[in-house]
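One structure below.
In what follows, chains carry the letters A, B, and so on, assigned in the order in which the sequence lines appear, proteins first and then strands, with residues in each chain numbered from 1.
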Amino acid sequence: MKTLTRKFYERDPVQVAKDLLGKIILRRINHERISGRIVEAEAYVENDIASKALRRRKIFSQLTWQDCGTTFIYMVHGNWLLNIMAHPKGSIGSVLVRAIEPIKGIETMKKNRNVGDQRNLTNGSGKSIKALAITKELNKTDGTRRDAKLAIIEDSASTFDICSSNRIGVTHDLPQELRFFIKANKYVSEP
DNA sequence: AGGAAGATCTACT
DNA sequence: GTAGATCTTCCTA
């Protein structure tokens, strides 16, 4: 098991979003390790940066200059959302983590979310982030560092089918399908 | 200082 | 399926 390299993120955000499916997200907190598999992700590309939500928060410059592989955390409607910076050098873009499948620390996640139903634990963007106890403090964490509080690591090869669709909740979405998820996984937010 | 808006969630019918 | 809660940031006065 090793962390994904910086190079992994220095590519087209769409490609990175697809490749992130099945990878493990590892959260260290209070000497406990919580982890989950990424089962749903969305790509955000240059045109989106002009979208209302992103422009409103003056995120453009951050998306341009922030290093690939670092986290980018953003609050909307009372929920923290987790992005990972991903774009070729000189370009802009990022990937939003929308849902994970709980692996380790499930009891802690239930406590963080205050729910008992495991399927309802992480099947949504805001839900996953809350279950992992991710807040603004983890903004700009370097996910390629093995000892980071938040790291993305490789998984032993597992095979699955990838589906795509339009994104969810975006008021002005692009005509392209930029949402990707693992087929028939019960933790994706919408089939 | 106050209000509007946003990549959402929950609870209710 | 829809209404209301939610909270942080940005915009205007």
Side-chain angles (χ1 to χ4, degrees), chain A residues 9 12-18 20-21 23 25 36 38-66 68-87 91-102 106 108-141 143 150 152 162-182 185-191:
Chain A
Y9 301 100
D12 181 357
V14 173
Q15 195 59 46
V16 177
K18 285 187 206 170
L20 271 178
L21 293 180
K23 300 293 187 288
I25 187 166
I38 298 175
V39 297
E40 186 176 345
E42 287 177 2
Y44 282 79
V45 293
E46 184 153 10
N47 287 351
D48 294 308
I49 311 311
S51 92
K52 279 186 183 165
L54 296 184
R55 170 151 298 190
R56 193 176 165 73
R57 326 247 151 175
K58 290 186 183 165
I59 285 165
F60 183 89
S61 57
Q62 285 197 47
L63 287 178
T64 310
W65 298 111
Q66 203 167 313
C68 290
T70 59
T71 60
F72 170 56
I73 293 165
Y74 178 85
M75 158 75 69
V76 169
H77 288 70
N79 294 275
W80 292 106
L81 306 195
L82 172 64
N83 290 255
I84 301 170
M85 304 304 304
H87 51 76
S91 178
I92 58 182
S94 71
V95 174
L96 166 72
V97 177
R98 255 191 150 279
I100 63 173
E101 171 186 339
I106 295 178
T108 306
M109 291 194 208
K110 285 181 179 169
K111 234 168 37 182
N112 291 341
R113 288 264 298 118
N114 199 24
V115 297
D117 179 16
Q118 184 168 330
R119 197 183 93 77
N120 196 28
L121 201 53
T122 56
N123 62 333
S125 42
K127 299 181 195 174
S128 307
I129 274 50
K130 195 172 176 193
L132 293 174
I134 294 173
T135 68
K136 192 180 183 175
E137 293 175 12
L138 291 182
N139 195 18
K140 298 187 184 170
T141 301
L150 191 63
I152 318 291
I162 294 179
C163 294
S164 68
S165 79
N166 287 302
R167 289 172 302 186
I168 298 173
V170 183
T171 4
H172 300 293
D173 200 7
L174 298 178
Q176 317 155 25
E177 297 195 332
L178 292 172
R179 168 175 176 255
F180 306 99
F181 57 97
I182 294 180
N185 186 294
K186 68 177 187 176
Y187 294 99
V188 304
S189 56
E190 285 180 31

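- The side chain of V76(A) has dA7(B) as its nearest neighbour among dT9(C), dA7(B), dC9(B).
- The OH atom of Y44(A) sits 8 Å away from the P atom of dA7(B) (whole-angstrom rounding).
- The residue R167(A) sits apart from the nucleic acid: no heavy atom pair falls under 4.0 Å.
- Taking the side chain as every heavy atom from C-beta outward, I25(A) and L82(A) approach each other to under 4.5 Å.
- Here the CZ-CD distance, from R119(A) to E101(A), works out to 12.0 Å after rounding to the nearest 0.5 Å.
- As a whole-Å value, the separation of L121(A) CG from dC9(B) C1' is 14 Å.
- Nucleic acid contact for R113(A): sugar-phosphate only, since backbone atoms but no base atoms lie under 4.0 Å from a heavy atom of the residue.
- Under the Watson-Crick and G-U wobble criteria, each requiring two contacts below 3.5 Å, nucleotide dT6(C) is left unpaired.
- At dC9(B), one or more side-chain N or O atoms of S125(A) fall inside 4.0 Å of OP1 or OP2 (strictly under the cut-off).
- Judged by distance alone with a 3.5 Å cut-off, no donor-acceptor contact links the side chain of N79(A) to the base of dA7(B).
- Checking dG6(B), dT9(C), dT10(B) against every side-chain atom of K127(A), the shortest atom distance belongs to dT10(B).
- To the nearest angstrom, P of dT8(B) lies 11 Å from CZ of R179(A).
- Salt-bridge check for R179(A) with D173(A): failed, with every basic side-chain N at 4.0 Å or more from each acidic carboxylate O.
- As a whole-Å value, the separation of W80(A) CH2 from dC7(C) C1' is 8 Å.
- Put simply, K136(A) has a side-chain N or O that comes within less than 4.0 Å of OP1 or OP2 on dT9(C).
- Following rounding to the nearest Å, I73(A) (CD1) and dT8(C) (P) show an atom-to-atom distance of 14 Å.
- Between Y187(A) and S128(A) there is no side-chain heavy-atom pair separated by less than 4.5 Å.
- Nearest heavy-atom pair across E40(A) and E190(A) is OE1-N, 4.4 Å.
- Following rounding to the nearest Å, N114(A) (CG) and dT6(C) (C1') show an atom-to-atom distance of 16 Å.
- Rounded to a whole Å, the CZ atom of R98(A) is 12 Å from the C1' atom of dC9(B).
- Nearest nucleotide to the side chain of H77(A), out of dT6(C), dT8(C), dT10(B): dT6(C).
- Not one side-chain nitrogen or oxygen of T171(A) sits closer than 4.0 Å to the OP1 or OP2 atom of dG6(B).
- In this structure, the CG atom of N112(A) is 16 Å from the C1' atom of dC9(B), given to the nearest Å.
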